[in-house]
Each structure stands twice: as C-alpha cells, then as structure tokens.
There are 2 protein chains.
Amino acid sequence: MAHKGRKAVTSFDVAERAGVSRSMVSRAFSNSPEISKESRDKVIAAAKELGYRVNYLARGLQTKQSDLVGIVVSALDTPYRSRQVKVTASECIKLGYRPILLTAETPGEVETLVAMLFNYNVAGMIITSAAPSSEIINEARSLSVPVVLINRDSSEAGADTVQTDLEQIGRLAFDMLSRSGGKRFAVIEPETPSYSVTGRAASFRDVCAAAGQPAQTFVAPSQSYDAGYDIGGAIGLSLADLDGIFCSTDLLALGVMDRLRHDWNARIPEDLEVVGFDDIEQAAWKSYDLTTIRQDADEQARLAVRVMSERITDPDREPSHVSQIVTPIFRNTTRRNQ
Amino acid sequence: MAHKGRKAVTSFDVAERAGVSRSMVSRAFSNSPEISKESRDKVIAAAKELGYRVNYLARGLQTKQSDLVGIVVSALDTPYRSRQVKVTASECIKLGYRPILLTAETPGEVETLVAMLFNYNVAGMIITSAAPSSEIINEARSLSVPVVLINRDSSEAGADTVQTDLEQIGRLAFDMLSRSGGKRFAVIEPETPSYSVTGRAASFRDVCAAAGQPAQTFVAPSQSYDAGYDIGGAIGLSLADLDGIFCSTDLLALGVMDRLRHDWNARIPEDLEVVGFDDIEQAAWKSYDLTTIRQDADEQARLAVRVMSERITDPDREPSHVSQIVTPIFRNTTRRNQ
DNA sequence: TTGAAAGCGCTAACAC
DNA sequence: GTGTTAGCGCTTTCAA
C-alpha cells in the first residue's frame with residue numbers, strides 16, 4: 001500500500017500561525033458567513049505561508065459526505081469506450097465528483113472491484129462493463145449508494161440505467177439496408193454475449209424475420225476489428241447470397257470490409273452493403289466511409305452522470321431507466337443514401 | 001457535492017454484535033496476528049450479518065497512509081492514450097492503489113486539477129498531459145507526493161519521468177526512410193507544440209540535416225487524423241519533390257495517406273514512403289498497413305506506475321528519468337522492409 | 001464573531 | 001489475546 005509523507009500541516013498549525021482557533025480555519029475554507037473579513041484574510045495568509053491544504057478526506061469523515069465516485073469500465077482501449085469514459089470523467093469532475101477509475105475485463109474482476117468501492121465510501125458509481133451481480137446491486141441499495149448501468153440489462157431492480165433503444169436499432173438497420181431494394185441480409189454478433197451488442201443483433205434479426213426475410217447470423221470471436229477481419233473470410237464465401245450486412249459494432253464492420261476487399265476483391269457497396277454501429281471516429285475515415293448508426297457517447301455519458309447525481313441528491317426516488325435514441329449516419333457503404 | 005447516505009454500520013456496531021471490542025474488529029480486518037481464531041470468526045460473522053465494510057478513508061486518516069493516486073490525462077479518446085491509461089489504471093489497482101482519473105485538456109485545467117489532488121491526500125500522481133507548472137511540482141515535492149511525468153519535459157527538477165528516447169527516434173525514422181535510397185524527406189509536426197511529438201520531428205530534422213539532406217517541414221493543425229487529412233493537401237502538391245515522409249503520429253500518417261490516395265491518386269509507397277509513430281492498433285489495419293515506430297504503451301504505463309510506487313516507498317531518493325526504447329515496425333508503406 | 005469541546009470511523013500504543 | 005484510551009484532521013454545536 002502507500003506510504004504517505006504529507007508534511008502534516010494541519011488546520012491546527014494554520015490556526016496557531018494566524019492567531020485564531022481551528023474553527024476559524026475551518027470556517028475560512030468552507031466559505032462560511034460566520035467569519036469576519038479580517039479573520040479570513042489572516043487565515044488565508046497563514047495557510048499560504050505554510051502551504052496548507054484542507055484534507056477533504058478528513059472533512060468527509062466529519063460531514064459524512066463523499067465526493068468520490070466509481071467508474072467501472074472494460075475495454076477502455078477501444079474507440080467508443082474511451083470517448084465515453086473521457087466525458088463521463090469530465091462530467092463528474094465538472095459536478096464536483098472525483099472519479100476513481102476501475103478497469104475490469106472479467107465479471108469476476110468487476111465483482112471484486114465494485115465491492116471494494118464500498119470501502120471508499122463512494123457517493124455513487126457508473127458501470128460500463130459487465131454488470132455486477134444482483135448481490136452487489138443489493139448491497140449498494142442497502143448502503144444507498146446509487147449505481148447506474150450503461151447499456152446493461154436493466155432487469156436488476158435497484159440500479160438506474162441508461163441505454164440505447166434496442167428495438168429502434170433493429171428497425172433502423174433494416175431500413176437502411178432495405179432502401180436499395182436488397183432483401184438477403186446477415187448480421188454479425190460476437191461469440192461472447194454482451195447485453196447491448198448481442199441485443200442489437202437479435203433486434204435486427206427479429207425485424208428481418210417479421211418482414212419475412214430471415215437474416216443469416218455470423219458469429220465473430222469478439223467485437224473487435226480483428227474479429228471482423230476473421231469472420232470476413234466466411235462472409236466472403238457467402239457473398240453471392242447476400243445483399244447487405246449489419247455489423248453490431250463499427251470495429252467489426254471495418255474488419256469485415258478490409259477482409260472482403262483484400263481477399264475477395266469485393267466492392268462495397270456494389271457487392272455488399274454494410275451498416276455498422278456506434279459511429280466511432282474511424283468509421284468516417286476516408287478508407288472506410290462507413291454508413292452506420294450513431295449512439296452518442298457524449299450524451300450517454302452526460303445522461304449517466306446526471307442520473308447518478310440526481311439519485312445522490314434524492315436517494316429514495318424510483319430507479320430511472322433512460323432510453324437513448326440512435327441516429328442513422330449515411331455514408332458510402334450503402335447504395336441509397338437519403 | 002455529494003450526499004452520502006451510508007447506513008453507518010461502524011466497527012462499533014460490529015464489536016457490539018460480536019461481543020468484543022472495537023480493537024478486535026480492527027484486528028480482524030487488518031489480518032493482525034494478535035487475535036484468536038475464534039474472535040476473528042465471531043467478528044467476521046457479525047460483520048457479514050450487518051453488512052459492515054471497513055471505511056478505508058477513516059483508516060487512512062489514522063494510519064497516515066493513502067492508497068489514492070491521481071492520473072491526469074488529456075485526449076483520453078485517442079488510441080494511444082486510451083491504451084496507456086487503461087494499463088496505467090490496471091497496474092495501479094494491481095499494486096493496491098486506487099486511481100482518481102482527471103481529464104484535462106488545457107494547461108490551466110491541469111494546473112487546477114493537480115492542485116486539487118493534494119486535497120485528497122494522494123500517495124502519488126502520474127501525468128500524461130501537459131506538464132504542470134514548476135510551482136505545482138515544487139508543492140508536490142514539499143508535500144513529498146511523487147509525481148511522474150510521461151513523455152514530458154524532464155527539466156523540472158523533482159519529478160520523475162518516463163519518456164521515449166528522442167534521439168533514437170530521429171535516427172530510426174531516417175534509417176527506415178533511407179533504406180530504399182530516397183533522399184528527399186519531409187516531416188509533419190503539429191502546430192501546437194507538444195514536448196514529445198514536436199521533439200520527434202525536431203530529432204528527425206536534425207538527423208536529416210546532419211546527413212546533408214535537410215528535411216522539409218509540414219505543420220498540421222493538430223496531431224489527429226483530420227489534421228493529417230488536412231495537411232495531406234499540401235503534401236500532395238509537393239509529391240514530386242518528396243521521397244518519404246515521417247509523420248510524428250500514426251493518426252497524422254493515416255490522415256495523410258487517405259488524402260493522398262483520395263485526392264491525388266497517389267500510390268504508397270511507390271509515390272511516397274510513409275513512416276508513422278506510435279504503432280496504434282489502426283496502423284495495422286489492412287487499409288493502411290503502416291510502417292511505423294512503436295512506442296510500447298503497456299511498458300510505458302508499467303514503468304510509470306513502478307517508478308511512482310518506488311518513489312512512494314522511498315521518497316528521498318533521487319528523481320529517476322527512465323528512457324524507453326522504441327522499435328521499428330516494417331509494414332507496407334516503405335519499400336524496403338528488412 | 002469567536003473559541004472550546006465533542007465526535008466522525010478508525011487504528012495503535014499500552015496495560016491487563 | 002483482549003480491552004481501554006488517545007488521537008488522526010476535520011467540522012459543528014454550543015456558549016460566550
């Protein structure tokens with residue numbers, strides 16, 4: 001663990017130096033009205049000379065407040081996620097919270113780390129990785145620390161959620177792919193189930209089925225570019241039977257396109273139309289120019305922080321489940337773009 | 001700020017429930033040897049029943065230790081950076097530290113946030129954004145909180161640093177571009193100076209000059225893909241006068257390539273050889289297949305955390321400045337690849 | 001306005 | 001082994 005060498009200049013030292021009591025020091029730094037201008041000035045001056053900093057942790061102990069919050073994330077080194085976390089963190093900071101960043105790749109890790117967060121008396125937490133067990137959610141509930149889940153299953157009673165509208169996604173993808181008249185569609189989903197990305201694929205499949213055009217499913221080893229490149233081989237084999245494909249992730253789409261062009265000399269969108277999901281920065285890169293469905297990472301993050309913050313100030317209100325709308329972004333991997 | 005509704009089950013409650021003293025509770029949770037197995041078991045059982053969690057913040061107040069550390073980062077939504085932060089955070093956690101994530105885009109923000117970190121009694125901090133002022137570094141020194149700078153100017157006495165070897169980079173880029181016999185080189189650097197990326201460009205320029213082949217400089221608006229796409233226009237104009245170009249960032253390189261291919265119908269490497277820097281994941285994508293210079297983000301992060309941790313345990317030792325080696329990655333944007 | 005005193009949740013001597 | 005006491009750095013009654 002951590003040694004801590006702080007030179008221990010405390011409110012006591014400042015008080016002594018300024019010739020006032022410790023209460024006065026406290027008042028000076030919590031802009032209390034119960035202090036005269038002279039006292040405040042004396043205190044501030046003394047504090048500066050001594051290099052004093054209020055210890056917020058000690059303060060929190062006394063006031064029974066905490067401005068620490070937890071952010072639990074997996075795959076932070078991924079374009080969408082990193083954007084999401086960036087704005088989640090900055091929104092937290094803007095609102096006066098201090099985010100502790102916990103990276104967890106497996107459900108087990110999530111479990112351990114989230115549990116640990118309780119020891120730090122966090123005011124709330126935002127989870128954008130595998131969802132923790134209901135056991136943990138319940139503990140959070142009984143400790144009354146708000147937890148908001150991003151794009152995770154909302155069936156866990158007690159947690160607030162922010163998530164994209166799965167049904168809309170399926171309909172939209174189907175619509176975007178259908179505009180040019182194509183009817184033979186496929187969808188790619190990752191092998192390891194993920195509530196949101198597996199859900200998108202399922203939603204698309206449902207819409208296709210309802211339209212009497214059952215979609216073929218390709219299972220990729222993960223959600224990454226490499227996984228897309230990998231499954232692109234199988235897709236190449238089926239090129240003649242397919243009009244369009246919905247990739248549950250932009251990264252997957254990019255990998256697929258590269259494989260198809262490289263090994264199958266396929267032209268996109270002429271030979272196959274492609275629709276991705278996320279609208280990561282790379283989707284707009286000229287080599288891809290991917291038609292996709294945007295989920296707004298910034299908005300998602302802001303919503304999550306807002307929900308958490310509202311729940312912190314009003315712990316007893318009903319859990320809220322906010323649903324986020326998604327937008328079609330037409331670029332050049334579909335034929336009809338309007 | 002944050003209300004905190006923790007249901008206040010304290011060591012006192014557990015002690016009462018277990019029929020022992022609070023010291024015993026403390027001992028049970030800090031695996032002290034000074035406790036009998038029976039007592040420990042009783043305590044653990046009582047704690048579980050009550051849903052007790054040790055308050056680490058209160059503990060820290062008493063033990064004068066803190067396992068909180070700060071990570072200050074800019075441009076987290078960028079491939080290299082997100083990877084770097086991911087492993088920095090996970091390394092911290094692995095070592096028992098809890099990273100507070102602070103995102104700061106401007107030097108002013110960095111200043112404010114770093115200062116704020118002192119209020120949380122952090123055991124140390126890792127900065128991978130603009131470097132804070134020497135005033136702050138000095139404050140950190142006097143409070144004896146270690147600060148390690150990644151790829152920032154090391155002239156600030158007192159801070160530890162981890163950075164890539166700038167001289168090696170220039171030589172390497174020159175060498176990689178020279179293998180095919182080309183002699184007319186250029187380099188791209190961002191408008192807004194950055195210690196590391198401006199340094200790379202300067203280093204390359206020096207080596208070129210020393211070889212009697214002064215390099216042309218293109219100034220891009222930033223370090224991003226879009227900036228590369230932008231300056232790619234100017235580079236297209238000079239295509240006939242150039243054999244190779246060193247892009248101080250992979251993102252820049254990718255943007256340049258896309259622009260050159262799209263608007264100038266340029267073939268790479270036939271018409272122009274390109275060498276990037278970083279080796280982000282996207283550099284390996286088939287549409288680019290970029291020859292580049294790898295700086296190992298994982299290693300960099302691990303080094304930074306290690307340096308910080310060593311400095312925490314031994315605050316009085318001399319600041320260490322570790323220099324990181326960089327590796328050539330030959331792919332297909334240069335003609336001779338061995 | 002100001003200060004004295006109590007106490008947040010915890011651990012660390014110190015005695016038993 | 002175990003309990004008692006004091007105290008970490010801070011804020012907050014409560015009197016003055």
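All chains are named by letter (A, B, ...) in the order of the sequence lines, taking the proteins before the strands, and each is independently numbered beginning at 1. Note that the structure is predicted; figures quoted are calculated from it, not measured.
A donor-acceptor contact under 3.5 angstrom links the side-chain atoms of A:R27 to the base of C:dG3. Between the side chain of B:S36 and the base of D:dT2, no donor-acceptor pair under 3.5 Å is found. Side-chain N/O atoms of B:S21 and base N/O atoms of D:dT4 include no donor-acceptor pair closer than 3.5 Å. One N or O donor and one acceptor, one from the side chain of B:Q62 and one from the base of D:dG7, sit under 3.5 Å apart.
Side-chain proximity of B:E34 to D:dT2, D:dC14, D:dT5: nearest is D:dT2. Checked against C:dT2, C:dC10, C:dG9, the side chain of A:I35 finds its nearest nucleotide in C:dT2. Each of C:dT11, D:dC10, D:dT4 was ranked by its minimum atom distance to the side chain of B:V54; first place goes to C:dT11. Here the side chain of B:V20 is nearest to one of C:dT2, D:dG3, D:dT11, namely D:dG3. When distances run from any side-chain atom of A:S26 to the nucleotides C:dT2, D:dT12, C:dG9, the shortest one goes to D:dT12.
For D:dC10, one of the phosphate oxygens OP1 or OP2 lies less than 4.0 angstrom from a side-chain nitrogen or oxygen of A:Y52. Close to D:dG9, at under 4.0 Å from its OP1 or OP2, lies a side-chain N or O of B:K64. Between B:S39 and the phosphate of D:dT2, there is a side-chain N or O to OP1/OP2 separation shorter than 4.0 Å.
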Inset, instruction - Give the intermediate values and the outcome of side-chain contact (heavy atoms from CB on, under 4.5 Å) for residues B:E139 and A:R53. - result: CA-CA 11 Å; B:E139 179 164 7; A:R53 296 266 180 187; 2.7 Å; yes
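Computed from coordinates, the B:F29 CZ to C:dA12 C1' distance equals 18 Å when rounded to whole Å. Atom-to-atom, CZ of B:R59 to C1' of C:dC8 comes out at 17 Å; the value is rounded to the nearest Å. Remark: C1' of C:dG9 and CG of B:L50 are 15 Å apart, rounded to the nearest angstrom. Between the CG atom of B:N121 and the P atom of D:dG9 there is a distance of 9 Å, given to the nearest Å. Between the CG atom of B:N119 and the P atom of D:dG9 there is a distance of 15 Å, given to the nearest Å. Between the C1' atom of C:dG7 and the CZ atom of B:F12 lies a distance of 13 Å, rounded to the nearest Å. Going from atom CD of A:Q65 over to atom P of D:dC10 covers 16 Å, rounded to whole Å. Nucleotide C:dT1 holds its P atom 23 Å from the CZ atom of A:R22, rounded to whole Å.
If you check the side chains of B:R59 and B:Q62, you find no donor sitting under 3.5 Å from an acceptor.
In this structure, the side chains of B:R98 and B:V69 stay at 4.5 Å or more apart for every pair of heavy atoms.
Between B:Q300 and the choices B:V305, B:V162, B:V322, B:T128, the side-chain contact (heavy atoms from CB on, under 4.5 Å) rule is met once, by B:V162.
Heavy atoms only, all atoms of each residue included: A:L50 and A:V9 are closest at O-CG1, 3.8 Å. When every heavy atom of A:R22 is checked against every heavy atom of A:S11, the shortest pair comes out as NE-OG, 3.8 Å.
Nucleic acid contact class of A:V25 (heavy atoms, under 4.0 Å, all strands): none. Across all strands shown, B:S30 has no heavy atoms under 4.0 Å from either base or sugar-phosphate atoms. At the heavy-atom level, B:T10 lies under 4.0 Å from the strands shown only through sugar-phosphate atoms.
Map B:P33 and A:S23 each onto its nearest nucleotide of DNA chain D; the residue landing nearer the 5' end is B:P33.
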